[in-house]
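Have a look at the structure below, then the notes.
Residue indices begin at 1 and follow the sequence shown. All ligand and atom numbering here is 1-based and tracks the order in the structure.
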Amino acid sequence: MSKNEKIRNVAIIAHVDHGKTTLVDAMLKQSHIFRDNEQVVERVMDSGDLERERGITILSKNTAISYNGFKINLIDTPGHADFGGEVERVLRMADGVLLLVDSAEGVMPQTKFVLRKALENKLKPIVVINKIDRPDSRIDEVADEVLELFMELDADDEQLDFETVYTAAKAGIAKKNIHDDSKDLKPLMDTIIKEIPAPEGDFDKPLQMVITTLEADDYVGKIAIGRVQRGKIKSGEIVALMSNGETKKAKIGKVYTYDGLNRVETAEAEMGEIVALTGLTEGSIGDTVADFENPEALPGIRVDEPTLSMTFGVNTSPFAGKEGQFVTSRHIRDRLFKEAQTNVALRVEETDSADVFKVSGRGELHLSILIETMRREGYEMQIGKPEVVYKMIDGKKYEPIENLTVEVPQEYMGTAMESLGRRKAEMVNMTEIAGYMRINFLIPARGLIGFRSELLTSTRGNGIMNHVFHSYEPYKGDIPGRSRGSLVAFEQGTTTGYGIFNLQDRGIMFIEPNQQVYEGMIVGENSREMDIDINPCKQKHVTNMRSSSSDEAIRLVPPRIMSLEQALEYINEDELVEVTPSSIRLRKAILDRNTRGRLAKNSRKVSD
Ligand code: GDP
């Protein structure tokens, strides 16, 4: 074994807004003092508004900084542990981590899962306390909190002996001691070089590399990214592509390494480098790219099974095509199949209808992020009720069970337990850490639907959760769903304050005055079990001028506005969520009220 002394592979873990993007930007900007010809583009690592809003990073990206003849590969980590599989994968490329913490906010619970994984993988940590210029900074306290967290997460002695660097990323300054003078980030760079171990392995043995991430590129096709674990990889080389005991012959197109924000072509890359490869059209995540003559597989990467499905269909509402740009079945089909090439835990299938696709993924968040992303790209779709992926084993119905970890401040524990009880969760164990309860459960994947938003609301944003697939087990019995019917608009029109006012004692309204509605659109929740058709567009017969002013005096209860996740959890089997770039509407699958009425009558007869 030898070391690739010139390389450092470092993952960055940070809570959203703690300054990861600013820090990486500053490193890139200063690379002119480290080296001259670097091109700097603003805001690199962070790829979208969506990620920011939800406090997560979805796609992990690589950036490389040259410093004093060293190359530091910075690996972005998903800030959210719902992508547990992805976290594990990207951490496999790193030898160390930067834990970046805001000097006022301190460590946020959401980063714990990723940090725990990093510590379990024996990565060497460096703690970076950022925003030291903040007037409300609590630098010493935050440093203590970090140490406590490391102990809580069972860091080993070497990990507990971490170095701390203080930064003002915005000003591009780093210090080893808070009272030092500094003009740049060199103290941080030096610490990385000193503390993070260089990648270790054999340069001269046959090639081994595990595909960690895939990207789709419109020009060059599939790009496979990973770290060369052993030997060298050459452009144009014939390799063995090894997957689950099968070995195929494949040819590498080009080999790229990272330089700043760019990928640069290289003839050859050696052990320790992070590379992007073209040409491996059949490669999947977890496959080993190995020497053709002496193929030896590395342990694969477990990709979690999809456990939750939703239908994605062409929008058939009367408002279809008004708000979105991509609305046809062809558009949706192409987009979904393209996504499935790189989004590993995602499965896309055709259905009996050419206009409807079945999309299965790792849970509500996984699928709702795809829906949000498509929405922002200009797609319109209608989404069906989330269903778990059942399996029939020996004639019996089995369902996916997830291993759920919830962390809540003690005062919210009761509420969380109650909700999870309803959702058929069984507690496995419980530990208390500094005012927090960490509780492990086994829960049917069904029971998780809608739980995230409920947990966030009921704990005022202080609860966190994470789940990984556990097993398939015999069906656990019914989980009570919603017991109330829908209030359904009975014709197309514009809602009025008067119309809504007259209906609001029937239940909870989802709409405001002056909103466009259509026949079959769900505008509220009935306080009873049945669906009823109502007219929220009713006009008041204006007999004189004064009555219109009295109209303004009516008191409307604020409507319930649902997020995408809430809407998906809410709908019944015969309902859909209409998603467009500007709206989320709930609707009956069958819009025509006569047809719906007839079907309802028939089904009542059957059950009689
Ligand atoms: P990310 O979500 O972790 O990538 O965070 P950003 O890099 O986008 O930073 C979030 C916010 O914190 C931005 O408004 C930054 O300007 C601000 N910020 C970043 N670094 C510093 C710093 O050192 N001091 C102060 N005061 N603000 C900072």
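- Annotation for ligand 1: atoms under 4.0 Å from non-hydrogen atoms of Ala168 are 23 (O).
- Between the side chain of Asn130 and the backbone N or O of His18 there is at least one donor-acceptor pair closer than 3.5 Å.
- In summary, the atoms of ligand 1 found under 4.0 Å from a heavy atom of Lys20, numbered by their order in the structure, are 1 (P), 3 (O), 4 (O), 5 (O), 7 (O).
- The pair Lys20-Asp76 counts as a salt bridge, with a side-chain nitrogen and a carboxylate oxygen less than 4.0 angstrom apart.
- Between Arg438 and Glu152 a salt bridge is recorded (basic side-chain N to carboxylate O distance below 4.0 Å).
- Of all the heavy atoms of Asp25, none lies under 4.0 Å from any atom of ligand 1, so neither backbone nor side chain is involved.
- Residue Gly19 has at least one N or O atom closer than 3.5 Å to an N or O atom of ligand 1.
- Between Tyr379 and Phe326, the angle of the ring planes lies from 30° to 60°, which puts this pair in the tilted group.
- Taking distance alone, with nitrogen or oxygen atoms compared against 3.5 Å, Ala169 approaches ligand 1 more closely than that limit.
- For the pair Glu377 and Arg335, the salt-bridge criterion is met [side-chain N within less than 4.0 Å of a carboxylate O].
- Of all the heavy atoms of Asp133, the ones lying under 4.0 Å from any atom of ligand 1 belong exclusively to the side chain.
- Contacts with ligand 1 closer than 4.0 Å are made by backbone heavy atoms (N, CA, C, O) of His18 only, the side chain lying farther away.
- A cation-pi arrangement is found for Lys6 relative to Phe70, the charged atom lying closer than 6.0 Å to the ring centre and inside a 45° cone about the ring normal.
- Ligand-side atoms of ligand 1 in range of His15: 3 (O), range being under 4.0 angstrom from any heavy atom.
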